[in-house]
Structures are given as C-alpha cells and as structure tokens.
Amino acid sequence: MYVVAGPSNPQLSFKIANELEARIAKTTFKRFPDGELYVRVEDVKEPVIVVQGITSNDDLVYLLLLLDALSSLEPILVVPYMGYSRQDKEFLKGEAISIRIVAKILEDFAKNVITVNIHSNVAASYFKKLIHVDAMPLIGEYFKNKDVIMISPDFGSLERVKVAAKVAGCEYDYLEKKRINAERVEVKPKALDVKDKSVVLVDDIISTGGTLVEAAKVLLNSGAKQIYAACVHAVLVSNALNKLYLSGISEVIATDTIEKQVSKISVSKILSEKIKELLKK
Ligand code: R5P
C-alpha cells in the first residue's frame, strides 16, 4: 500500500502511512518560474491513498495534478480540509457554486473521497459518494474530565458542539442573537450561566477569527473565568491567532486537518480507520 503525501499535510500523511503500515510514495512538487506547478509520483501500486487538503489555490492545483499523475490507478483520496465548501450555493445570481465543480472533478478521478467535517450538508450534497469523518469527538476527548462548558458561537454549530460536549461529559449551549430594538442586538448564551466558568468556544472552522473574537467578548462580559477556542480546521488567515489571543482567549486548540502550531489533536487515527474499512470492502 502507498500513501502519496501531498504538500498540504506532510505530517498527517506520515502518521496515516505509519498507522496503515504503508509506504510513502516518492514525489516531486515544484513551481516553474512562471508560477505553474508541477507534480511527479514515482513507482506506486494499488492500493494508493492520496492525502491532500485544500487550504489554498496552490493546494487545489497540486491535488488536480496528483489525480492526473495517478489517473491509471483508482486512488482513495483523503482531503482533510475541503476548501471551497463555504461557497455551497448561489448567494448572488451568477455566482459559481465552487464546491460543486470541486466535487465533480475529485469524484471523476478518485475511487473514494474522504473528508473531515465538511462545512455544510449542502456542500456534502454535491458529492455522490463522500465519506465523512467527524473530528468533534476528538475535541471532546481533549477536554474530558476538565471542568469546562462548551459553547457554540451560533445556532448553526450547535449540533457539532453537542457531539464534542457529550464525549467531554460537560454542559453545552450556544450564543443567541436577540434584536432588542432597531439599534440594539443582544448576544448571550441561550440557557447557561457562564459566570466564573471555564468556557470552550467550539466551531468547525476558525478563519479570520472574527466569529470567536466576538463570542469571547460576550462571554468575558458575562463573567466567564477562562476561554478556550477549539476548532477542527485552523484556517487562521493572516493575524487571526493574534486577534484571538488579544481578545482574551487563553488557548487555541485545533486538529491537524490543516497543519498549524495549534494542531494539538491528530485526525490520523480516525482517517486510518476509515481507510482500513474501505480497503476491507
Ligand atoms: C461559519 O459558518 C463557520 O462555522 C465559522 O464560524 C466561520 O467560518 C468562522 O470564520 P471566521 O473565523 O472568519 O469568523
């Protein structure tokens, strides 16, 4: 068995290869002087597992080139972070539904596509055979037996937070936005009192950090003792991490679907288990 480690997730790829007792394929990734990208994969035999997330446009192009290099085989594709999932509908007339075309191309070339916590069910619906892995239990595990409560920054992420909180064995809630009058909107936890509590803000993605910075403000104003931020995908654009720490958040915790310094939880085991299940079929 071979793991083809794309440039997005080298460490995660090596961990997956270890767990599967697979070889790492010999690869070359480079950029030509005009900016074009180049991929070469040498001497691989089936089964082949490709690990490449989509955190940037380069990642996407590398992924397409990897699929072409392996087009005589039927690779299992692991996309730890499925970028372009947030553009999952036509918000304005004439917009591209980005994830639709990404899904189509990936499924044309790969035998199976596995991803971790895709942003929405709508995004997932553009795939015919997407295999979805949930990292929320791992976030729950991280906080197990710690005296915390978990809060979702909005109703949309509540179901995810529920999964993490169940594993952590803690209470959970979400921040509710209430319009008081034309000028005032009040944001507060729907049911729980956070006064003197350690709170974990849980979300699927932290990108600019704006959502969690605002949520941290609300919780600190409501008397929370300490705030952690936990997410699956640490997109963390530009100075997002600084913004989070400056807002009073004391620790940021993420998985390694995107490899960052805050990637304290690895999804390698849950991905390897899924791959093993597929190979048994
Ligand atoms: C929104 O639907 C997502 O669940 C996240 O809350 C969002 O992507 C976070 O983005 P940012 O960090 O830029 O506020």
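Both counts, for ligands and for their atoms, begin at 1 and track the order of listing. In what follows, every heavy atom counts, from backbone to side chain, and hydrogens, waters and symmetry copies are set aside.
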Around [atom], find the nearest protein heavy atom and jot down its residue, atom name and distance.
atom	result
atom 8 (O) of ligand 1	R86 NH1, 3.2 Å
atom 14 (O) of ligand 1	T211 OG1, 2.4 Å
atom 1 (C) of ligand 1	H119 CE1, 3.7 Å

Problem - Selection from V235, T208, I205 by shortest heavy-atom distance to atom 9 (C) of ligand 1 - result: I205
Practice task
Tell me which part of D203 gets within contact of ligand 1: side chain, backbone, both or neither, using heavy atoms under 4.0 Å.
Solution key: side chain
Completion exercise
Going by the 4.0 angstrom heavy-atom rule, the piece of D204 near ligand 1 is side chain
Exercise for the section: Could you tell me whether F29 and Y62 have their ring centroids closer than 6.0 angstrom? Expected result: yes
Problem - salt_bridge(E95, K89) N-O dist < 4.0 Å - result: no
Problem - Under-4.0 Å salt bridge between K280 and E277 - result: no
Problem - Atom indices of ligand 1, in the order listed, that fall short of 4.0 Å to a heavy atom of G210 - result: 12 (O), 14 (O)
Problem - ligand 1 atoms in contact with G209 (distance to a heavy atom under 4.0 Å) - result: 11 (P), 12 (O), 13 (O)
Problem - Side-chain donor or acceptor of N9 paired with backbone N/O of T257 under 3.5 Å - result: yes
Exercise for the section: Answer yes or no: does atom NZ of K128 have more than 12 heavy-atom neighbours from other residues, nucleotides or ligands under 6.0 Å? Expected result: no
Handout entry: Set of residues satisfying side-chain hydrogen bond (donor to acceptor under 3.5 Å, both in side chains) with respect to S157, sequence neighbours excluded
Key = R160, D203
